[in-house]
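The chains referred to below are lettered A, B, ... by the order of the sequence lines, with proteins before strands, and numbering in each begins at 1. All values below come from the heavy atoms of this structure, side chains included, with hydrogens, waters and symmetry mates left out.
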Amino acid sequence: MKLAYYPGCTVRDKAVHLDETTKASARELGIDLQELENWTCCGATYPLTEEKIANLVPQIRILRNVREGGNSQVTTTCAFCYSTLKRANRAIAVDDLRRQRVNAFLRDDDPVRPYKEQTQAPADYEGEVAVLHLLEVFRDGFGWDRLAKATKKPLNGLKVAPYYGCKLLRPPKEVAFDDPENPTIFEQFLAALGCEVIDFPFKSECCGSYLALSAPESASRLSHLILTSAVKSGAEVLALSCPLCYYNMDLRQRDISKSYPGFQHVPVMFFTQLLALALGLDEKVLGLDLHYVDVRPLLRQKNLLQ
Amino acid sequence: MAQVTADVEAVRGRLMPERAGQHGKVLLAGKVVNSEFAERVRSLSGVDPRECYQCGKCSSGCPMTPEMDLIPSQVIRLLQLGQEQDVLGCKTIWLCASCFQCYSRCPKGIDFSRLAEALRMLAMAGKVEYLAPEDVPEEVLTEVPQQALVSAFRKYGL
Amino acid sequence: MFEPKIICFLCKWCTYAGADLAGTSRMKYAPNGVNIRFLCSSRVDPQHVLWAFKSGADGVFLGGCHPGDCHYQEGNYKTLRRVALMKKMLRQMGIEDGRLRLEWISAAEGKKFAQTMDEFTEQIRALGPLQLEL
Amino acid sequence: MKRIGVFVCHCGHNIAGVVDVKRLAAELAKHPGVAFATDYIYMCSEPGQALVREKIKELNLDGVVVAACSPTLHELTFRTAGRMAGLNPYQVEIANIREQCSWVHTDGAQATAKALKIARSTIEKVRYNQSLEPVMVPITQRALVIGGGIAGIQAALDIADAGYEVVLVEREPSIGGHMIQLSETFPTLDCSQCILTPKMVAVAQHPNIRLLTYSEVEDISGYIGNFKVKIRRKAAYVDWDVCTGCGVCVEKCPKKVPSEFERFLGMRKAIYTPFPQAVPNKPVIDRVNCTYFLKGTCKACEKFCEVKAIRWEQEDQYLEESVGAVVVATGYDTYPIANLGEYVGGKIMDVIDGLAFERLLSASGPTAGQIRRPSDGTVPKEVVFVQCAGSRDPELHKAYCSKICCMYTTKHAMLYKHAVPDGQPYVFYIDMRTNGKGYEEFYQRAIDEDGVIFLRGKVAKIFQDGDKVMVWGADTLTGRKVEIAADMVVLATAIVPSAGTEELVKRIKIGCSDGGFLLEAHPKLRPVESMTAGFFLAGCAQAPKDIPEAVAQASGAASKVIGVFSQEAMAHEPTIAFVDEDLCSGCHMCIPVCPYEAREFDKEKGIAIVKEALCEGCGACVAACPSGATQQRNLTDAQIEEMITVSLME
């Protein structure tokens, strides 16, 4: 199984443990992730006004490079990257004006692609690459059964609440990832790893997103709501896929403790960390020292870590 | 109501100083309802707020309402009435995190986050940034994920 | 300018009523077609079409109910099959099959009737007068 | 040669403003066969009609063409005028020069030229028209009513009371429909069972009603006055003729399953009547759940049945009935909670729909009228009612308003308060629609006397939090988000056509409107007729409606049926197919083409004949006839050719 991998900016700096565990797990599972060469920022947020057509250029350049690199699928783990790439891809496919404008812009764009010297600009990009979240790769390509079989150290007894956040699920017509109100893909993933899956009512509520900068107290309020609800439902650890959710759930617990006396820390993990753990990969790969709320005591208690 | 940040009020003053918390009566006339502003919001956002029948489901599910001065359905209502100053001067448009919860549930398929984005653009046009890099404390800049910085400056910067 | 002569066979339940609606709505369209009211489009016999072309028509239009809406259960499906055959026959006779047109126009589609009349008139105008070598 | 009179109407300026009516009359006077042509300002007015009558008599006209508005408006008017003057009505035709000429064209010369063609073509038709008499078709004075809810019951009783036989078909084991599930009815709060059971009994005892419950209509063929109905009686595995309805079998049956009638809040047995007052009060065996059918042993019911009425080998039976008219009253279902993802799609036990709440309120319900929530049987003290659950939502659910929810939810909140005086009901609404006699007063009473809190906003999210059901709504009047920790939530789910309506509509070929409800012939002026003659509509199958409206519509449909039955034969349009017996070669081409089985091969004569009572006059067989032996009366091929010829003349 071979597909292109788009890491995204945050996983190379603030969320290296997401990137490292993704790559190591894929290797272990025999999935050939081909990291896109010379990738650039995806733009982080999808442009929501009719006039910001130029803001679609980065995503389309990325997707065109996927195609030019000989891949028809690209996967990513960051929910923001997934959302912007997937929505831009759809916009290009369904919207003639956007397709023409963006391609016209990219025609003059000299692709810096040392692996393939070209004198001509590549053909227009029309949305032909499939954008997949890594969870979709498991669901639709790899298969849950196969994943469960590949699990060497099933995470039995670990009570994990899956947290979807906003970007994976919404707007449902554009991302079409799962049922927007009652999604199950994350649950199926965790079940394949052997976790005890904890359902809780705020698994798709917003964490406050980039309001982390402009309204940090709102982000604290929302993260507090989500974390306490997960714990109340019986979760020992929260699993997620978005580095920004991770920031708002993990490091923010420092502020939450200040604003909400009596708040007990809850560890938060990337879904790929759980995957790497279940695959029995070396602890060094997991990056467990990078968390604000240390997850290691819990994992040791559950005999999942030396 | 919880204070968001001290800066939000200050910046709001910078953006729409003439409004500053007026809650007078709504003066209606054809040219107000069908103003150039209303048309600009529609064309910029690609959303027609006139289609909203004010069920309020957006406000019911919005995670940010506790900090908002107007709930989302009120912003849409004021847009229907062409009340430019109210919608450009409210906090709500800066508090939308574009989580699309409202849009995914709206019975009329109205994307409020698009309206908020258009209103933010119009509020900032030719004026000041809502959030400039220099407004963000150094320690926050080093902590937050890159995606948050790019997103925030895209939503709040010129 | 060439003014095409068009004969329109309309089913009483749908297309004729649609034409009436175009009238009550005061829509304007090209005056080239003359309507003949049938109870059902399935009454149209290929010989009527040929007769019209022979008698100087440049175009023939058939209007029936939308599939599934036929007052007589499935008369319009019969018409559909007959029109396919008639077009073949016309081509063999050297008449462009674009001179024969079938449309489903409901009683609620006054606008569609008006637009179709304009379109069809232009379509025939582009084809020019029918030159029949009898 | 015919002596045709042509009458050109000005219709005020409507025609004369565009078409040169004087010139039109003058030109038409020259057309072959035209004896007289004139114009008049309003031909449909009494003086205009008098003019037509006078000229027919005076000039001994044997054909009339009125060039005026669409024939749908005044064809009958002028045919009647013709008949009054002694002319056969089928010798009068209308040339439509208003809707299809003066109103749609602006150029006077072009419009006049076109009007001339239209009128000439109509004159040519009249030149060859024959005098015709309507075909008289006998009527079967017997009605079929599909659906035994309140609408079907009312229609059946009205028709039966008028002295006609009725076959009432209901697919459930008992009649009563949804109304028999209700507790009390708005705005008078009379007990639903108390007012409905006498009607149900009346149906069972009526000498003119043949009641077929646990039966479904498979097919209907024929036409108004003469339908053939195929009905499937589902196997009950009980011989109802022998069964006394003593109920011992039900008592002895060891197998309990959730009851559909109780909206799964109570249990029933595998052999059951849906509710104690069922009509007929005879049980059926639910084959899917019966232990004997599942495992081959048990037969407890059979052992205890004194009259030996159990029939394990019973099979579905097919019956055929002849009827002259049909009332379709197939009712509604509620939109499944499972479709409402934001309200967790039915996964929270204490989130129920309005019909389930009716069962909780009902004295004969699973809790004997006590309000107890399903999860733990406690009395809920905070109850939230959510309106428009699936209604008014074009994007995700149903676009239409379900009409009755505002009122029944108000009633629910009120009855809840009566049952739990220390409880607090809340109603989330978008718009309160209380337009009906006594309805607004009822709504105000709920506020004034029962302290119901009405909140204007649509609920966005419902979730379980411990033993509470959390509701996130908004109060748009204060501009605040609202959170309620409720003990129970009642969703006013959308009204949808009952399951199987779509298939039935296809089978019996009556139309459907948006949302899958049955289509009425005219939304205002023909609200109880379907698009197909002989089919009438009643109740929620046509659109969501409350009980008084359903009853009114049912009585309306019944009176339409009685109207059909008031004569022994029906006049049938005579413009149908006929055969020139000398030309017909008996090739059979026409026979499969006919949708009404009106064409038949006469073995003796060796030709295909037309059964006049069955022919609807579509003309499909005429077009199919290779020899031209089959023709349509007053629309023969020869007529059509002449009409075409003059339409192309300059």
Is it the case that atom [atom1] in [X] sees more than 12 heavy atoms from other parts of the structure closer than 6.0 Å?
X	atom1	value
D/H13	NE2	no
D/E502	CD	no
D/R633	CZ	yes
C/K112	NZ	yes
D/Q130	CD	yes
D/M649	CE	yes

Is it the backbone or the side chain of [X] that comes under 4.5 Å from a heavy atom of chain D, or both, or neither?
X	value
C/E3	side chain
C/A17	neither
C/F9	side chain

For residues C/G23 and D/V104, report the shortest heavy-atom separation together with the two atoms involved.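 That closest heavy-atom pairing would be CA-CG1, 3.6 Å.
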How close do C/S42 and D/C618 get, counting heavy atoms only, and between which atoms?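 Heavy-atom minimum between the residues: OG-O, 4.0 Å.
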When heavy-atom pairs shorter than 4.5 Å are enumerated against chain C, which of [options] gives the highest number?
options	result
D/K117, D/E641, D/Q632	D/E641
D/C101, D/C625, D/G628, D/S70	D/S70
D/A113, D/G619, D/G617, D/S121	D/G619
D/T532, D/N14, D/I640	D/I640

Quick one, D/I118 with C/N35, criterion side-chain contact (heavy atoms from CB on, under 4.5 Å). Give me CA distance, side-chain angles, the key distance, then yes/no. CA-CA 7 Å; D/I118 295 170; C/N35 302 338; over 6 Å; no
[Y] backbone acceptor or donor facing [X] side chain under 3.5 Å:
X	Y	answer
C/K28	D/T106	no
C/H48	D/D637	no
C/R43	D/L635	yes

Residue pair C/K12, D/E616: steps toward the salt bridge (Lys or Arg N to Asp or Glu O under 4.0 Å) verdict: CA-CA 13 Å; C/K12 150 185 169 162; D/E616 288 278 318; over 6 Å; no
Looking at [atom1] of [X] and [atom2] of [Y], how far apart are the two atoms once the value is rounded to the nearest 0.5 Å?
X	Y	atom1	atom2	answer
C/D20	D/T72	CG	OG1	5.0 Å
D/Q110	C/N32	CD	CG	7.0 Å
C/S55	D/M643	OG	CE	13.0 Å
C/K5	D/E650	NZ	CD	4.5 Å
C/R37	D/Q100	CZ	CD	9.0 Å

Is [Y] close to [X] at the side-chain level, that is, under 4.5 Å between some pair of heavy atoms?
X	Y	result
C/Y16	D/P71	yes
C/K78	D/P595	yes
D/W103	C/M27	no

Determine the option with the most heavy-atom pairs under 4.5 angstrom with chain D, choosing from C/A114, C/C11, C/P31.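 Heavy-atom pairs under 4.5 Å are most numerous for C/P31.
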Top of C/G33, C/C70, C/S41 for chain D proximity - count of heavy-atom pairs under 4.5 angstrom: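 Option with the top pair count is C/G33.
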Distance only, no hydrogens: is a donor on one side chain within 3.5 Å (strictly under) of an acceptor on the other, for C/W51 and D/T645?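 Yes - a donor-acceptor pair under 3.5 Å links their side chains.
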Residue that, paired with D/L648, satisfies side-chain contact (heavy atoms from CB on, under 4.5 Å) out of C/V34, C/I7, C/D58: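 Of the listed residues C/V34, C/I7, C/D58, the side-chain contact (heavy atoms from CB on, under 4.5 Å) partner of D/L648 is C/I7.
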Is it the side chain or the backbone of D/A111 that comes within 4.5 Å of chain C heavy atoms, both, or neither?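 Interface part for D/A111: neither.
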